[in-house]
Amino acid sequence: MKFDVSKLVEAKRQIDSTLHKLRQTVKTFEAKENASRYKSQITLAKRRIQAFEISVALIEREIKEAEKKS
């Protein structure tokens with residue numbers, strides 16, 4: 001699929017925002033008095049962070065490729 005560069009940039013911006021929120025969520029859960037109680041939520045958030053980081057890398061690659069062709 002081909003995507004417009006402006007749409008890729010906007011998608012990256014949205015993912016970066018979500019990543020920031022997820023990282024803050026992990027910090028909050030890990031700082032709780034009984035952090036082990038939140039282990040599943042922490043694990044889920046960390047897995048989502050990894051998935052979004054992969055997405056950002058792929059979007060950045062697509063942006064670079066599109067800019068080379070321009």
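Atoms considered below: every heavy atom in the structure, side chains included; atoms not considered: hydrogens, waters and symmetry mates. Owing to the predicted nature of the structure, the values given are computational and were not obtained by experimental measurement.
For Thr18 (side chain) and Gln14 (main-chain N/O), a donor-acceptor pair under 3.5 Å exists by modelled atom type.
Here CZ of Arg37 is found 10.0 Å from CZ of Phe29. Values are rounded to the nearest 0.5 Å. Summarising the geometry, atom CG belonging to Leu58 is positioned 9.5 Å from atom CD1 belonging to Ile15; distances are rounded to the nearest 0.5 Å. Taken from NZ in Lys46 to CD in Gln50, the straight-line distance is 9.0 Å, to the nearest 0.5 Å. The structure places CG of Leu19 at 9.0 Å from NZ of Lys12, a figure rounded to the nearest 0.5 Å.
By the criterion of side-chain heavy atoms lying less than 4.5 angstrom apart, applied directly or through intervening Ile, Leu, Val, Met, Phe, Trp or Tyr residues, Leu44 is not grouped with Leu22; the two fall into different hydrophobic clusters. In the hydrophobic clustering of ILVMFWY residues, with side-chain heavy atoms under 4.5 Å counting as a link, Ile59 and Phe3 come out together.
Ionic pairing of Lys27 and Glu30 is not present here: no N-O contact between side-chain nitrogen and carboxylate oxygen is shorter than 4.0 angstrom. Look at Arg23 and Glu53 and you find a salt bridge, because one of the NZ, NE, NH1 or NH2 atoms lies within 4.0 Å of a carboxylate O, short of that distance. Taking a cutoff of 4.0 Å between a charged side-chain nitrogen and a carboxylate oxygen, Lys64 and Glu67 do not qualify as a salt bridge.
The side-chain contact (heavy atoms from CB on, under 4.5 Å) test with Ser17 is passed by exactly one of Arg13, Lys21, His20: Lys21.
Nearest heavy atoms, Ala35 versus Ile42: O-CD1, 4.0 Å.
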